[in-house]
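Please read the structure below before turning to the comments.
In what follows, chains carry the letters A, B, and so on, assigned in the order in which the sequence lines appear, proteins first and then strands, with residues in each chain numbered from 1.
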Amino acid sequence: MSKTRSSWQRTHTCGDLSSSNEGTECVLNGWIENHRHHGQLIFLDLRDRYGVTQVVVDQETGGALLGMFETVKRLGAEDVISVRGRVRRRDADKINKNRSTGEIELVALSLTVLSEAETPPFEVHDKIEANEELRMQYRYLDLRRRPLQEALQKRAKFVTAIRNYLQQNRFIDIETPILTKSTPEGARDYLVPSRVHPGKFFALPQSPQIFKQLCMVAGLDRYYQIARCFRDEDLRADRQPEFTQIDMEMSFVEEHDVLDMVESMVVHGMREGFGIELPQPFPRFDYSEAMDKYGCDKPDLRFAMTLIDCTALAQKSDFKVFAGAVAQGGIVKGICATGAAEKFSRKGIDELTTFVTGLGAKGLAWAKITANGVEGSIAKFYEGDKGKELCAHMGALPGDLLLFVADQKRVVNKALGDLRLKVGGILSLRDPKVFRCCWVLNFPMFEYNEEKGRWQFAHNPFSAPVDWDVKDFSVDTENIRSRAYDFVMNGWELGSGSIRIHRPDLQAKVFEFLGVSKEQQRINFGFLLDAYKYGGPPHGGIALGVDRIVTLALGREGIRDVIAFPKTATAFDLMAEAPGMVSAEQMAELQISSTAKPTS
RNA sequence: GGGGGCGUAGCUCAAUUGGUUAGAGUACCGGACUGUCGAUCCGGUGGUUGCGGGUUCGACCCCCGUCGCCCUCGCCA
């Protein structure tokens, strides 16, 4: 390899040059983002990953080299060129303040066309106009734009910071199999047919869950992996068929060990990757407390407006909707939107009513607090002292808007929890530049599946119950708590984990309660259950969604915006056109056939 | 699997109640121009209105089917 640079190769990037380089001769390589012709004077905006630099070709230099001038006249968007030129400081009135390189320009001395571009299907600018479908089809063009480049660079910076942090804290980066075994519970698996084991299939991992637990049994003590996970379920703006997790597991730990470690890691990663300072400590809520105060298990802590229980007050109310709901075993809760009375017209409140009825509530009771007392749908039941009592209970002052839902607990929490977010959004309390994290602990261990008519795991089969010595899972099942925890930022669930069951007898008991036969246990998790027979340490861990964290930190719309090559909502890659057909020979070799009707 | 939205020039969009030759901006091509930076000015090319069928004298528009993209509920232990 020659140590010398070819004449066309860049000496600087398109983000490097400033007035301090005045007079130097240098070479830039890049894509033509824009060109402006003025007859005998041509401007080119040359772009690379690092920035945009204006190149000037005029008669003074270009005229002396007519060939170059004629070449430049033919150049167009996205042509790749090399320009040798001299850095010139611009006159004060010609400085472009919107660019870091705006104080200078490169006066072209010679130019080489490295690659000519056809007219692109859309204009490659920061302010994109093309729709996402087209942008995904030509993803390599979309990726030339600054917003995408920034997302990928910051994502890499974040992940690197996480790796450094974990390395320093004695975690070992361990790769686990991509070709693994299908398990019936949980999400649908992506399957891979085996050629050498005809009729058998690998599954792509939904997460490295079982393998990381085996790492603990193996005594590796602290494991991590930036792991790709695969789930064949219907997609959303925040879900892709393949996504990335920071997967971790630690031995000989309790909840606070994991939470403290992850909290410091997230703070470090957000600071290094995005320059975001997270306020600490992250509040830790019991699941039941989160449900009571926020009506959901992933509270958005950027604003208060907590749910206030008014059941006792409502019980003695003349308002039949309130008293009646309580009489039927329901509850009444309200939120107080501070200073919002004037911001919601009658029509605006009607829209909120429609919103909550769509969530199962029967209606929305409301009150505007004025200097004279209570106005609104419940006003006549809360005159005088009763109104004062209500305001005191809700912490309401004149100018505030109160909103109430009365129903069964589940309905109230769902409706009012979602309403809180909606009202918070309308009042601009959910600032995308503000970041508030929290932990939610002690989730229910089981949930009842109405369809299947049986209890099932709320989290995963290996989460330990809060009470190690629980005698009988069939007693008071819905109130049994697991040592599972979620990490939440701005109302997004970004991570989920638990302290695991490390004792085979307890694991067997859990499976037994859920009616998983010994045979099924063996088929699905036999090797894991065996492993614990040989001495499993107490351990626990977590997995954090990288795509979601980056999306949130950068204030993007969805995770497609932070993934280099994403898929559509139907799990299709518009660029690669994957999945695609395979040849009959390939199918034959795998001894499989398709029952699908051919669609083009 | 269910619900909603969208699909018209390379791109972003418009087109009255179903009615003349489907328009505009931008991109592209040609011309003018030595200080632009979303350059400007003049001219031009460019259409299977996603696809298939139907109703009608007449369909971008209405109906049926289908494909694609987006959002969402179910789903995602």
Classify the side chain of [X] versus the base of [N] as yes if they form a donor-acceptor pair under 3.5 Å and no if they do not.
X     : N     : answer
A/Q54 : B/U36 : yes
A/R90 : B/C37 : yes
A/R36 : B/G38 : no
A/R88 : B/G35 : yes

With a non-hydrogen cut-off below 4.0 angstrom, is [X] in contact with a base, only sugar-phosphate, or nothing?
X      : value
A/R239 : base
A/D91  : nothing
A/H125 : nothing
A/E105 : base
A/I42  : nothing
A/T183 : nothing
A/P121 : sugar-phosphate

Worksheet item: Using centres under 5.5 Å plus planes under 30 degrees as the test, is A/F43 stacked with B/U36?
Response: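 The base of B/U36 is stacked with A/F43 (centres under 5.5 Å, planes under 30°).
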For [X] and [N], is the shortest distance between a side-chain N/O and OP1 or OP2 below 4.0 Å?
X      : N     : value
A/N96  : B/U36 : no
A/T568 : B/C69 : yes
A/R47  : B/C37 : no

Taking the minimum atom-to-atom distance to the side chain of [X], which one of [options] wins?
X      : options             : result
A/K94  : B/C37, B/C11, B/A27 : B/C37
A/E133 : B/C70, B/C28, B/G68 : B/G68
A/A569 : B/C33, B/A27, B/C71 : B/C71

A/E105 and A/K94, any side-chain heavy atoms less than 4.5 Å apart:
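Side chain of A/K94 against side chain of A/E105, heavy atoms only: no contact under 4.5 Å found.
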I need the A/I226 CD1 to A/T244 OG1 distance, nearest 0.5 Å.
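Separation between the atoms: 8.5 Å.
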Under 3.5 Å, is there a donor-acceptor pair between the A/N21 and A/T24 side chains?
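No - no donor-acceptor pair under 3.5 Å links their side chains.
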- Which word best sums up how the rings of A/F511 and A/F457 line up, parallel for under 30°, tilted for 30 to 60°, or perpendicular for over 60°?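 Rings of A/F511 and A/F457: perpendicular, as their planes differ by over 60°.
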Distance-only, no hydrogens or angles: does the A/R231 side chain make a donor-acceptor pair with backbone N or O of A/Q206 under 3.5 Å?
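Yes, because the side chain of A/R231 sits within donor-acceptor range (under 3.5 Å) of the backbone of A/Q206.
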Exercise for the section: Select from A/L41 and A/A130 the residue whose nearest nucleotide in RNA chain B is closer to the 5' end of that strand. Expected result: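 That would be A/A130.
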